[in-house]
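Structure first, then comments.
Chain identifiers are assigned alphabetically (A, B, ...) following the order of the sequence lines, protein sequences preceding nucleic acid strands; residue numbering begins at 1 within each chain.
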Amino acid sequence: MWQPNRLEQERVDKIQELEARGVAPFPARVERTHTTIAAMGAYESAESAAPDPEQVPDVAVTVCGRVRRVNLKGKVSFMHIEDEQGRLQLFLRVNDMDEPVYDLVKDKLIDVDDFVQAAGVMMRTKAGEISVRVSTLTLLSKGLSPLPVIKEAKQEDGTVIEYGEFSDTEQRYRQRYADLAVNRTTRLVFRRRAEVIRALRHFLDDAGMLEVETPILQPIYGGAAARPFVTHHNQLHQDLYLRISFELYLKRLLVGGYDAVYEIGRDFRNEGVSFKHNPEFTMLEFYKAYIDYRGVMDLAERMVVYVAEQVTGGTTVSYQGETLDFTPPWQRLTAREAIRNATEIDYMDHPAAADLEAAIRASGDQIKPGQPWGKLIEHLLGKAEPGFVQPTIIYDYPLDISPFAKRVAYDDVHVERFEFFIAGMEMGNAFTELNDPRDQERRFLEMAERFREEDDDAAPLDTDYLRAMRYGMPPNGGFGMGVDRLVMLLTDQRNIRDVLLYPHLREEK
RNA sequence: GGCCCCGUGGCGCAAUGGUAGCGCAGAUGACUUUUAAUCAUUUGGUUGCAGGUUCGAGUCCUGCCGGGGUCACCA
């Protein structure tokens, strides 16, 4: 049962007073002819069309929005209402309105946070602000809990200074609705997020790829190295996993005859959380026949710069004080070169895992003993990662940590795989996809063996995937990217939670 | 999971171990073109929870809860 606090109780009491005056606090009927922006635009057009600035014809509007500011001045009052696009001032004067309606304002029965509908004609105040000269004001919805108050002051140069803030991170995440209602920058971030995803779809559609949807509930999970969430189907008595990647389902579709497919959707990984990891996140994967990882590199570069241009209008972006330039071509380094640059260790000088481990320890790093060679190389790559501020492609990865990538010709240890990094963050992962079912089966078995040695939950062998591949899979290049991280870059947010409307948090006590 | 930081009215913040304060919001009143409106008066707190040290704890100690950072982990 809700226990109103002091401020809320005052609002509850106001509802009683409104009802006593015959005013419905949550009426069903609403009317709107203009958004705030449209109303202002209509008046500006009328002004510029009028031969005499004193003789602007009436522009009648009915606007709706949330009250964000109330300024009572006795027999005249001002309010700002806000809808999604903008703010508009209401000019309320007792002479222009029925007195009982004006009294609702005067008696402070309309609060900041309430939704109202205002009908009137457009005007400019003495100070020059476009406003509605209100003849009828209707309460649409009463706010009971007060939102944090942010006051805004417009500077002469048009910039807006805000006074007061709602900045408590926990409350902003738990009560995103309040964050959105109060912080316009939050609203902008999630608008832009939608634009990023729209631009990605547009690019991929234009590239001739088919958007598809594959199962989120999977009897066998795979395609990435992450622990899954487990769930259960009651009627079928079947354990199911929430997908950790789309890879294996998408590549089956190439066997089926599609040239290129993509999916944008949710992945779930049962791992630690951090500023760049959320248990559920949005992934983009595509697979395209008849290209290899070089072709994927080109596509990735073009896609990212396209999205940046679509949503920001430019090819560079300011991120946490750094200027990121997405213009292709990006720097391309082999993993071996990148590691040599960052650590002065050449892993090819240490072909045995034990040997490489010793070299890493000699450099001063503490690492878990007994890791496979590829894992050690990944550790070394992690040392180089923060240096990849501008878009950087790292290619040719160790075979033993890349079970779905084709081998580099005449090379026993590397596969045709690349990852790309921006702002020190891993953004995506791609391969020349393995399409030899015999090699794939060997790699699955090796992986299962290693998992068994490490006493880890082994991903069950996906025999159906091998069956599909045996029908013949065209050579293809595949690509995966963390969409949330791209949104971070394009909205200048340092934490993934700030680009997720509802980030995962511990249960509220 | 380890380590570090944080938790004080609705929001944002103060308070050498010694009477818990300030701004905004709220309430009451004044004001017919204000705009961070202004002016006067004024309400509101078991300082995240539970213990402990002390004559005395918002402050020091222990544990717990929640958040943030960082490291580890994360084909």
Side-chain angles (χ1 to χ4, degrees), chain A residues 4-11 13-14 68-80 87 89-96 102 106-108 111-113 123-129 131 133 144-155 160-174 178 182 222-227 244-245 247 269-277 279 365-368 371-372 374-375 377-379 381-382 397-405 415 417 419 426 429 431 443 446-447 450-451 459 480 494-495 497 503 505-509:
Chain A
N5 66 28
R6 196 181 79 257
L7 298 174
E8 290 164 338
Q9 187 57 50
E10 282 167 3
R11 300 282 181 96
D13 294 343
K14 286 181 183 184
R68 296 309 303 270
R69 165 178 167 261
V70 178
N71 179 9
L72 291 176
K73 282 183 54 66
K75 293 194 168 57
V76 62
S77 299
F78 300 85
M79 287 182 181
H80 275 135
R87 274 186 183 220
Q89 181 166 263
L90 306 183
F91 175 69
L92 303 133
R93 199 171 57 151
V94 63
N95 306 31
D96 298 332
Y102 186 77
K106 193 195 72 186
D107 296 339
K108 300 173 84 167
D111 289 292
V112 169
D113 304 329
M123 59 168 282
R124 263 186 205 276
T125 62
K126 275 183 186 165
E129 180 165 347
S131 309
R133 183 188 301 276
L144 292 183
S145 300
L147 288 164
V149 177
I150 278 72
K151 295 191 175 187
E152 296 187 352
K154 235 185 213 123
Q155 299 300 101
V160 174
I161 296 183
E162 294 186 340
Y163 297 86
E165 56 182 336
F166 179 50
S167 55
D168 183 272
T169 46
E170 183 176 355
Q171 288 202 78
R172 288 204 306 115
Y173 296 154
R174 286 197 196 281
V182 159
R227 274 178 298 193
I244 58 172
S245 86
E247 168 131 8
R269 296 189 180 176
N270 207 336
E271 307 279 358
V273 298
S274 80
F275 75 96
K276 52 183 176 177
H277 295 91
D365 284 9
Q366 309 233 328
I367 46 169
K368 196 170 73 183
Q371 296 190 82
K375 282 282 208 187
I377 291 169
E378 225 170 33
H379 167 86
L381 211 48
Y397 275 66
L399 171 81
D400 60 337
I401 52 168
S402 312
F404 301 110
V415 291
R417 170 182 175 190
E419 295 189 312
E426 181 191 338
N429 188 13
F431 326 119
R443 302 235 207 139
E446 278 165 23
M447 214 175 25
R450 188 187 315 150
F451 273 119
R494 206 169 67 85
N495 195 311
R497 288 175 187 146
L505 297 176
R506 263 179 237 269
E507 201 175 1
E508 203 172 354
K509 56 155 198 314

NA contact type, [X], heavy-atom cut-off 4.0 Å: base, sugar-phosphate, or nothing?
X         : result
Ser402(A) : nothing
Met123(A) : base
Phe404(A) : base
Ser274(A) : nothing
Lys108(A) : sugar-phosphate
Glu8(A)   : nothing
Lys14(A)  : sugar-phosphate
Gly223(A) : base
Leu72(A)  : base
Ala224(A) : base

With a 4.0 Å limit, can you tell me whether [X] has a side-chain N or O closer than that to the phosphate oxygens OP1/OP2 of [N]?
X         : N      : value
Lys151(A) : A25(B) : yes
Arg174(A) : G67(B) : yes
Arg497(A) : G68(B) : yes
Asn495(A) : G69(B) : yes
Lys75(A)  : C31(B) : no
Lys106(A) : C31(B) : no
Arg506(A) : G67(B) : yes

Classify the side chain of Gln89(A) and the base of U34(B) as holding, or not holding, a donor-acceptor pair under 3.5 Å.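 Under the 3.5 Å cut-off, the side chain and the base do form a donor-acceptor pair.
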